[in-house]
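Here's the structure, in structure tokens; my notes come after.
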Amino acid sequence: MGKTALIVIDMINTYDHPDAELLIPSVESVVPVLTDLLERARRTGITVIYVNDNFGEWRSHHGELLEEALSGPHAGLVRPLRPDDSSLFVVKARHSAFYETPLDYLLREQQFDQLVLCGQVTEQCVLYSALDAHIRGFHVVIPRDAVAHIHADLADAALRMMERNMGAHVCASSELWA
């Protein structure tokens with residue numbers, strides 16, 4: 001493998017949406033794992049790229065999204081995962097991290113060929129991002145304990161699909177950058 005990037009999907013979040021009540025318990029279990037994964041990635045020089053929904057705020061940028069999430073009632077889920085000064089940030093409007101974003105261009109310009117996808121939601125944005133990464137020729141890694149879900153059964157099916165249909169390496173986060 002060549003260069004690896006850690007892609008953090010939709011973790012800068014106010015949790016003010018219809019599925020939030022179902023999602024939050026899974027996010028609470030993932031935050032400590034993701035915090036550790038981010039620390040290890042940064043310590044070993046892995047590039048961290050946040051790809052985050054703009055929540056329909058077409059005039060917002062990553063600083064505003066972060067500020068709003070940190071000022072909300074679920075700031076404790078966001079604070080440990082804040083981007084640092086070396087993190088890159090891509091704003092998205094739909095489920096896939098690639099759909100109508102500059103992510104593919106960024107990854108190719110920086111010569112990444114392996115993407116570790118983490119964040120939320122396993123059966124939605126992570127799944128669609130993994131598919132788009134796969135069809136673009138990137139090797140995909142999914143740390144199963146670093147992705148949050150709304151529906152556990154659908155998340156399990158999504159992980160199996162990513163592994164079987166996309167050749168993704170589904171593993172424990174502890175296997176990465178130990």
Side-chain angles (χ1 to χ4, degrees), residues 1 3-15 17 19-53 62 65-66 69-70 72-90 92 95-97 103 112 114-131 133-134 138-164 166-178:
M1 279 299 117
K3 278 179 75 174
T4 299
L6 177 63
I7 310 293
V8 181
I9 301 171
D10 289 339
M11 293 305 293
I12 308 303
N13 200 308
T14 61
Y15 298 97
H17 49 79
D19 292 326
E21 189 174 306
L22 295 172
L23 176 60
I24 288 172
S26 181
V27 172
E28 289 171 338
S29 69
V30 164
V31 166
V33 175
L34 253 174
T35 301
D36 180 60
L37 188 62
L38 282 164
E39 287 174 13
R40 285 185 283 128
R42 290 173 175 142
R43 187 173 56 244
T44 58
I46 300 295
T47 299
V48 177
I49 304 171
Y50 289 77
V51 181
N52 215 88
D53 201 315
H62 72 278
L65 293 171
L66 180 60
L70 289 173
H74 301 288
L77 298 175
V78 178
R79 194 171 296 107
L81 307 175
R82 284 186 306 239
D84 67 6
D85 291 340
S86 68
S87 301
L88 304 177
F89 205 101
V90 173
K92 70 180 184 68
H95 296 79
S96 172
L103 182 61
F112 291 105
Q114 178 170 266
L115 308 179
V116 176
L117 304 181
C118 60
Q120 61 189 10
V121 170
T122 310
E123 65 272 24
Q124 295 175 13
C125 299
V126 175
L127 174 64
Y128 304 138
S129 297
L131 177 59
H134 170 71
F138 293 102
H139 181 257
V140 176
V141 176
I142 310 290
R144 75 174 67 79
D145 54 341
V147 289
H149 61 269
I150 295 171
H151 303 286
D153 60 330
L154 296 178
D156 289 341
L159 289 168
R160 287 195 321 271
M161 288 172 56
M162 289 183 264
E163 190 169 41
R164 180 175 171 87
M166 300 170 212
H169 176 61
V170 177
C171 63
S173 64
S174 61
E175 295 178 35
L176 303 170
W177 317 303

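FYI, the numbering just counts along the sequence from 1. Side chains are part of it too, since the values below use all heavy atoms of this structure and drop only hydrogens, waters and symmetry mates.
Proximity of Ser87 to Asp84: side-chain heavy atoms (C-beta onward) are separated by under 4.5 Å at one or more points. Taking 4.5 Å as the limit, every side-chain heavy atom of Leu77 sits out of range of all side-chain heavy atoms of Asn13. At least one side-chain heavy atom of Pro83 sits under 4.5 Å from a side-chain heavy atom of Ile12. At a threshold of 4.5 Å between non-hydrogen side-chain atoms, the residues Lys92 and Asp10 count as touching.
Checking side-chain atoms of Ser173 against main-chain N and O of Asp145 turns up no donor-acceptor pair under 3.5 Å. Formation of a donor-acceptor pair under 3.5 Å by the Thr122 side chain with backbone atoms of Ala148 is found in this model. Here the side chain of Gln114 pairs no donor or acceptor atom with the backbone of Val141 at under 3.5 angstrom. Here the side chain of Glu123 pairs a donor or acceptor atom with the backbone of His151 at under 3.5 angstrom.
The line from CE of Met161 to CG of Asp156 is 13.0 Å long, rounded to the nearest 0.5 Å. In this structure, Glu28 CD and Leu23 CG are separated by 9.5 Å, a value rounded to the nearest 0.5 Å. Here the OG atom belonging to Ser96 is positioned 8.0 Å from the CD1 atom belonging to Ile9, to the nearest 0.5 angstrom. For the atom pair CG of Leu6 and CH2 of Trp177, the computed distance is 4.5 Å after rounding to the nearest 0.5 Å. Taking OG1 of Thr14 as the reference point, atom CG of Leu70 lies at 11.0 Å (rounded to 0.5 Å). How far NE2 of His169 is from CZ of Arg144: 8.5 Å, rounded to the nearest 0.5 Å.
A salt bridge between Arg40 and Asp36 is present, with a side-chain N of the basic residue lying under 4.0 Å from a carboxylate O of the acidic one.
Smallest separation of non-hydrogen atoms from Val147 and Leu117: CG1-O, 4.0 Å. The heavy-atom pair separating Ala172 from Pro143 by the smallest distance is C-CB, 4.4 Å. Contact between Val116 and Thr4 at its shortest, heavy atoms only, is CG2-CG2, 3.8 Å. Nearest heavy-atom pair, Met11 versus Asn52, reported as atom, atom and distance to 0.1 Å: N-OD1, 3.3 Å. When all heavy atoms of Tyr50 and Arg82 are compared, the pair lying nearest together is OH-O, 3.3 Å. Annotation for His134 and Val140: closest pair N-CG2, 4.1 Å, computed over non-hydrogen atoms.
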Exercise for the section: Take Leu127 and Met166 through the test side chain to side chain contact (heavy atoms under 4.5 Å, CB included) and record every step on the way to the result. Expected result: CA-CA 10 Å; Leu127 174 64; Met166 300 170 212; 3.8 Å; yes
Problem - Step-by-step side chain to side chain contact (heavy atoms under 4.5 Å, CB included) determination, Leu81 to Thr35 - result: CA-CA 6 Å; Leu81 307 175; Thr35 301; 3.4 Å; yes
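Scanning for ring pair (Phe, Tyr, Trp, His ring centres under 6.0 Å) contacts around Tyr15 gives His74, with sequence neighbours left out. In this view, Ser26 and His149 satisfy the side-chain hydrogen bond (donor to acceptor under 3.5 Å, both in side chains) rule, not counting sequence neighbours.
Atom CD of Glu175 is surrounded by more than 12 heavy atoms from other residues, nucleotides or ligands within 6.0 Å.
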